[in-house]
Student: 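One structure is given below, represented as C-alpha cells, and several questions about it will come after.
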Number of protein chains: 2
Amino acid sequence: MTKAVKPVSGEARHYIRIKEQILADIAEGKLQPGDRVSSESELVAAFGVSRMTANRALRELMFEGVLKRSAGIGTFVSPKHLDVDLLQIRNIADEILERGHTHKAVVVKAGLMKADANVADALELTLGAEVMHSLIVHVENGQPIQVEERYVNPLVAPNYLSADFGRMTPHEYLTKVAPITAFEHIVQAVKPDRAIRKYLGLKNDHPCLRVFRRTWSGEAVVTCALLYYPGAQYRLEARSSKGPSKPVAILGEKQ
Amino acid sequence: MTKAVKPVSGEARHYIRIKEQILADIAEGKLQPGDRVSSESELVAAFGVSRMTANRALRELMFEGVLKRSAGIGTFVSPKHLDVDLLQIRNIADEILERGHTHKAVVVKAGLMKADANVADALELTLGAEVMHSLIVHVENGQPIQVEERYVNPLVAPNYLSADFGRMTPHEYLTKVAPITAFEHIVQAVKPDRAIRKYLGLKNDHPCLRVFRRTWSGEAVVTCALLYYPGAQYRLEARSSKGPSKPVAILGEKQ
DNA sequence: GCGGGTAGCCTGTATATACAGGTCGGTCGC
DNA sequence: GCGACCGACCTGTATATACAGGCTACCCGC
C-alpha cells in the first residue's frame with residue numbers, strides 16, 4: 001500500500017536534497033534574509049516526500065542557524081550571520097562547507113621570525129626564539145570572512161610551514177600534529193587597522209571582532225592566533241551544555 | 001489502535017527526557033568518554049517511546065558533539081569534551097571591586113512593558129506578555145564601562161523592580177532569586193548608536209562589544225540582557241578548565 | 001463599525017512500520 | 001582447520017498518520 005519510495009541509493013538522501021536546494025536558493029539570492037521559506041506541506045508537494053522528511057530538513061537548517069521557525073507562522077531565512085562557538089574550536093572550512101558554501105584560503109605570508117616579547121610570552125618560549133608565522137585570509141563564496149594571523153611553536157609542529165594551506169587549514173594541520181587539550185579565547189571589539197580592512201574589504205569605521213586564541217597540547221602551547229571577523233555579521237556564541245538549542249534573534253535587530 | 005501517547009503537555013518532551021538522562025549520566029560519570037550508550041531499541045524499551053523518538057534524541061546529541069554514532073556498531077560517548085566550563089557569568093560590580101576601584105550603578109530606566117516579538121521569543125513568553133525592563137549604566141571610578149539593558153521574566157522574579165540596584169546589581173539580585181542553571185552568550189562587535197555612545201561617553205567611531213546574554217533557572221528563562229562594553233578596553237575571556245591561568249598580553253597591543 | 005468566535009494553515013511532537021546497509025560472530029560445508 | 005555464508009543487531013532513511021497548540025484572517029452578529 002505504501003508508496004515504497006526507495007530511499008535512493010548512491011545519490012543524496014531526500015532530506016539532504018531539500019537542504020541543498022534551500023541553501024542554493026539562499027546562495028543565489030533567490031531567498032533573502034527574512035524571506036519566507038516553503039512550508040513543510042509545500043515541500044511535501046514539491047519534492048514528493050513525507051512531511052517528516054521535510055520537517056527534518058527544515059529543523060536541521062534551523063539548528064544550523066540558517067532558518068528561523070515559529071509555530072503558526074512559518075519558516076524564514078535567518079539574518080545572515082556566521083556563528084562561531086566560543087567554547088569549542090571548529091575548523092572554519094568545515095563550518096563554511098556545512099553551509100553549502102565554498103571555502104578558499106589565501107596565504108598572504110608564511111615564514112620564520114624571531115619571537116618578540118608578546119609572542120614569546122604567549123607561546124611560553126624565550127625572547128628571540130625562532131617561531132613560525134602565517135597570515136591567511138579565509139574566503140567564503142568569494143567574500144573574505146576571516147583574517148588569521150598565527151604564530152606556531154616549532155618545538156611542537158616543526159613542519160608547519162611545509163603544509164599545504166590550500167588543502168588543509170592551519171587549524172586542521174595543527175590538530176592532526178598535536179591534539180588540543182586546552183584552549184583560551186579572548187574577545188574584543190576593535191577598529192581594524194588599514195591592513196585588516198584591506199584584507200576583509202571593509203570601510204573605515206566598520207568594527208571588527210578580534211579573537212585571541214591559544215591552544216595547548218599537554219603542557220605545551222601549540223599556537224596562538226589573532227582572528228579578525230567583520231563586525232556585525234559575525235556572532236560568537238557560548239552556551240552552557242544544558243543550554244538552549246534554538247537560535248533566537250538578538251534584541252534590537254530587525255526580525 | 002495506536003497507543004496514542006499524549007505528547008506530554010507541560011513537562012519535557014520525550015526526546016528531551018532521553019537527552020537529559022544521557023547528559024546526566026555523563027555528568028555523573030556513569031558514562032565515560034568512549035563508553036557505549038544504549039542503542040535505539042534499548043531506549044525504546046527503557047523509555048517506552050518509539051524508535052524514531054530515540055533516534056532523534058541520539059542524533060541531536062551527535063550533532064551537539066556529545067555522542068559519536070556508527071551504523072552497525074553502536075553509539076558512544078565522544079572523547080573530546082574539552083570542558084565547557086568557563087566564560088562564566090560574573091558580577092560586574094565584583095570585578096570592579098576586585099580591581100580596587102569603586103562601582104556605581106546609574107538607573108536610567110526601570111519599569112514594565114509589553115514584550116515585542118524579539119523579547120517574547122528570547123524569554124520564551126507569548127507576544128504582548130508583560131515583562132520588566134531596566135536600563136542601567138555601570139560606572140567604574142567615575143567612568144561608565146557598561147550599559148546593561150535587561151528584560152526580566154516576571155513569572156520567575158516578580159519583585160525585580162523593587163530591588164535596590166544601588167546596593168545590588170540586577171545580576172546579583174536575580175541569581176539570588178533564581179540560581180542560574182544554564183546560560184547563553186552571543187558576542188558581536190557593533191557601532192554603538194547615539195544613545196549608547198552618550199551613556200558610555202564614546203566618540204563616533206569607537207567600536208563596542210555587544211553581549212547578548214540569556215540565563216535559565218531550570219526550564220524557565222530568567223532574564224535576557226544586552227550588555228555594551230566600550231571596545232578595546234574590555235576583554236571577554238573563555239578558557240577550557242584545564243587551561244592556563246596566567247594572563248597574557250594580546251598580540252599587537254603595546255606592553 | 002467593531003468585537004469575538006472559528007476555520008484553516010503552520011509547526012512541534014509522537015507513533016508504527018519498512019527497507020537498506022554496515023559489522024560481527026557463529027555455524028556449516030569443504 | 002579454515003573459509004564462506006548467514007543471521008542478529010545496529011544505525012540511517014523514509015513513509016503515513018495523528019494530535020496539540022500558536023497564529024491569522026475572515027465572517028457573523030450585535
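We name chains A, B, ... by the order of the sequence lines, and we start the count at 1 in each one.
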Student: Give me the bend of the helix from C:dG1-D:dC30 to C:dC30-D:dG1, using the axes of the five pairs at each end, rounded to 10°.
Tutor: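 Nearest ten degrees gives 20° for this helix.
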Student: Set out, in order, the CA-CA distance, both residues' side-chain angles and the distance that settles salt bridge (Lys or Arg N to Asp or Glu O under 4.0 Å) for A:Arg213 and A:Glu148, then state yes or no.
Tutor: CA-CA 10 Å; A:Arg213 172 193 290 173; A:Glu148 169 191 341; over 6 Å; no
Student: Check whether any side-chain N or O of A:Thr75 sits under 4.0 Å from OP1 or OP2 of C:dT11, and answer yes or no.
Tutor: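 Affirmative; the distance criterion is met.
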Student: From A:Lys30 NZ over to A:Asp35 CG, what is the distance, rounded to the nearest 0.5 angstrom?
Tutor: 12.5 Å
Student: Counting just side-chain N and O atoms, does B:Thr53 come under 4.0 Å of either OP1 or OP2 of C:dT15?
Tutor: yes
Student: May I ask you to evaluate whether A:Arg36 reaches the phosphate of C:dC10, defined as a side-chain N or O under 4.0 Å from OP1 or OP2?
Tutor: yes
Student: Considering only heavy atoms from C-beta outward, does the side chain of A:Phe47 approach that of A:Tyr15 to under 4.5 Å?
Tutor: no
Student: Any side-chain N or O of B:Tyr15 below 4.0 angstrom from OP1/OP2 of C:dA14?
Tutor: no
Student: Between A:Phe165 and A:Tyr160, how do the two ring planes meet: parallel, tilted or perpendicular, split at 30° and 60°?
Tutor: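 A:Phe165 and A:Tyr160: tilted rings.
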Student: Give a yes/no on whether any side-chain N or O of B:Ser41 is located under 4.0 angstrom from OP1 or OP2 of D:dC10.
Tutor: yes
Student: Please determine if a side-chain N or O atom of A:Arg69 lies less than 4.0 Å away from the OP1 or OP2 oxygen of C:dG12.
Tutor: yes
Student: Compare side-chain N and O positions of A:Arg59 against OP1 and OP2 of C:dG12 and report whether any pair is under 4.0 Å apart.
Tutor: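 Checking A:Arg59 against C:dG12: no side-chain N or O falls below 4.0 Å of OP1 or OP2.
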